[in-house]
Amino acid sequence: MRMYDIIMKKRNGGELSKEAIDFFIEGYTKGEIPDYQVSALMMAIYFQKMTKAETHALTMAMAHSGDMLDLSAIKGIKVDKHSTGGVGDKISLALTPMVATCGIPVAKMSGRGLGHTGGTIDKLESFPGFSTSISTDQFIENVNRIGIAIMGQTADLAPADKKLYALRDVTATVDNMSLIASSIMSKKLAAGADAIVLDVKTGSGAFMKKEEDALALAHEMVDIGNAAGRRTIAVISDMDQPLGRAVGNALEVKEAIATLQGQGPEDFVELCLTLGSQMLLAGGKAQTTEEARQKLEAVIADGSALKKLASFVEAQGGDSAAVYDPELLPKATIIQPVPAPQSGFVQQIACDEIGICSLLLGGGRETKESEIDLSVGLILEKKVGDPVEKGEPLAFLHGNDSRKLEAAEKRFLAAYRISEEKPEKRSGIIKHII
């Protein structure tokens with residue numbers, strides 16, 4: 001088999017066999033096939049697309065390119081959750097203690113962020129001493145003992161995807177449905193869960209700006225997961241404005257804690273309950289969505305989900321005192337209001353621009369080597385549809401550098417559109433796909 005023939009077949013619109021896909025993934029992972037040939041194949045795939053059979057074969061080849069995590073030693077049905085990302089998306093911080101308290105074992109691998117805010121691991125490191133550098137044995141033991149553990153993604157998990165994504169990122173071949181779906185699902189399948197719940201974002205702050213593209217991606221991933229023998233469910237959720245009100249690492253942790261205390265923002269709580277209900281159904285802990293929601297609401301109301309978060313933080317070396325007293329989390333030295341330039345209603349928020357504001361303040365990474373300031377970010381006071389008076393704060397910026405605050409404020413004001421007409425309220429949950 002020759003890589004040249006594989007490239008030419010796909011260039012001409014042919015369908016690649018499983019054997020051809022396995023050949024190129026194995027050869028590329030081992031360094032036997034050069035970047036320039038794989039780049040040519042990625043561009044051919046970008047233009048000619050892939051069939052469902054090809055997409056499934058590519059996903060499985062990437063999943064099996066490294067370690068397949070064996071979670072069989074963990075009791076119960078393991079349900080994983082994945083979000084395609086967005087601004088203010090701190091769902092895992094609140095959702096995982098909720099579902100773990102309801103009896104769903106949470107064995108999750110997460111990453112660091114590259115972009116406007118940190119990833120789940122960065123946010124959790126707002127708890128002093130918290131570490132995700134635990135062994136697989138410790139990871140499994142923690143899940144069996146307290147019901148939840150989160151560790152960093154190992155280099156041996158789907159290494160083909162890591163190499164391919166880096167190449168696609170510099171060859172303008174990221175934006176292809178099959179390549180996106182196989183990238184996400186290869187890691188999810190390798191991580192060993194029995195069932196997977198996907199939160200697919202759509203809107204100005206999401207990778208998929210158009211709802212129809214988000215739906216297509218969700219269907220693609222659900223098909224891959226189900227074909228691989230994992231029960232897979234997708235929820236399409238809105239990212240046309242930030243999720244909740246907090247954007248920034250420690251600020252998002254505080255909002256997650258407030259949610260577990262029964263004081264979370266409406267849109268954030270609703271998405272936690274929606275995704276959590278699907279996780280409970282997939283894990284056999286509820287028979288209907290109504291029953292699942294009641295169980296999730298109960299563990300918030302009685303404080304047991306908050307206690308679960310504290311136990312989880314403590315088990316991974318963190319100071320659980322900050323769970324009960326969030327003032328112990330990192331705090332910025334300057335809190336600056338952003339006054340509204342006019343009266344009216346918030347008509348629109350350029351969600352991705354709000355993410356860049358957090359990045360400008362130091363809350364994200366421009367490069368992999370960038371240091372994150374966990375204390376900075378912003379708290380939104382006004383969201384789409386809210387009335388506002390001139391001079392009233394639209395948000396409070398949290399920062400440690402006056403020049404960065406000035407740059408972030410300019411960007412923030414440009415992201416808000418205020419008009420005299422009140423816009424229609426859009427539901428945060430758009431569609432379920434099972």
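As the structure is a prediction and not an experimental result, all values here were calculated from the model. Reckoned from all heavy atoms, side chains included, excluding hydrogens, waters and symmetry mates.
Screening Thr84, Asp89, Asp199 against Ser237 for a side-chain hydrogen bond (donor to acceptor under 3.5 Å, both in side chains) leaves a single residue, Asp199.
Checking Asn400 against Ser375 by side-chain atom types alone, a donor-acceptor pair falls below 3.5 Å. Judged purely by distance below 3.5 Å, without hydrogens or angles, the side chains of Ser182 and Thr59 never pair a donor atom with an acceptor atom.
More than 12 heavy atoms of other residues, nucleotides or ligands lie within 6.0 Å of NZ in Lys209, so this atom counts as buried by the packing criterion. Within a 6.0 Å radius of CD in Glu212, other residues, nucleotides and ligands contribute more than 12 heavy atoms.
Between Gly152 and Ile121, the shortest heavy-atom distance links the atoms CA-CD1, 3.5 Å. Nearest heavy-atom pair across Val299 and Cys102 is CG1-SG, 3.9 Å.
Rounded to the nearest 0.5 angstrom, Ser183 OG and Lys162 NZ are separated by 12.5 Å. Expressed to the nearest 0.5 Å, how far CD1 of Ile184 lies from NZ of Lys188 amounts to 9.5 Å.
With sequence neighbours left out, Phe130 forms a ring-ring contact (aromatic ring centres under 6.0 Å, His included) with Phe312.
Seen from the ring of Phe268, Lys90 counts as a face-on cation partner, given the 6.0 Å and 45° thresholds. Both tests pass for Lys163 against the ring of Tyr28: distance under 6.0 Å to the centre and angle within 45° of the axis.
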> Run the side chain to side chain donor-acceptor pair (under 3.5 Å) check on Ser135 and Asp137 step by step: do they pass?
Replying inline: CA-CA 5 Å; Ser135 67; Asp137 288 345; 5.3 Å; no

> So Lys108 and Thr96, side chain to side chain donor-acceptor pair (under 3.5 Å) or not? Walk me through it.
Replying inline: CA-CA 9 Å; Lys108 189 165 177 56; Thr96 52; over 6 Å; no

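Salt-bridge formation is detected for the pair Asp267/Lys383: a Lys NZ or Arg NE/NH1/NH2 atom is positioned less than 4.0 Å from an Asp or Glu carboxylate oxygen. Looking at Glu270 and Arg293, a side-chain N of the basic residue comes within less than 4.0 Å of a carboxylate O on the acidic one, giving a salt bridge. With salt bridges taken as basic N to acidic carboxylate O contacts below 4.0 Å, one links Lys187 and Asp161. At a threshold of 4.0 Å, the pair Glu392-Lys382 counts as salt-bridged, since one of the basic side-chain nitrogens sits closer than that to a carboxylate oxygen.
Side-chain atoms of Gln336 do not come within 3.5 Å of backbone N or O of Leu397 as any donor-acceptor pair.
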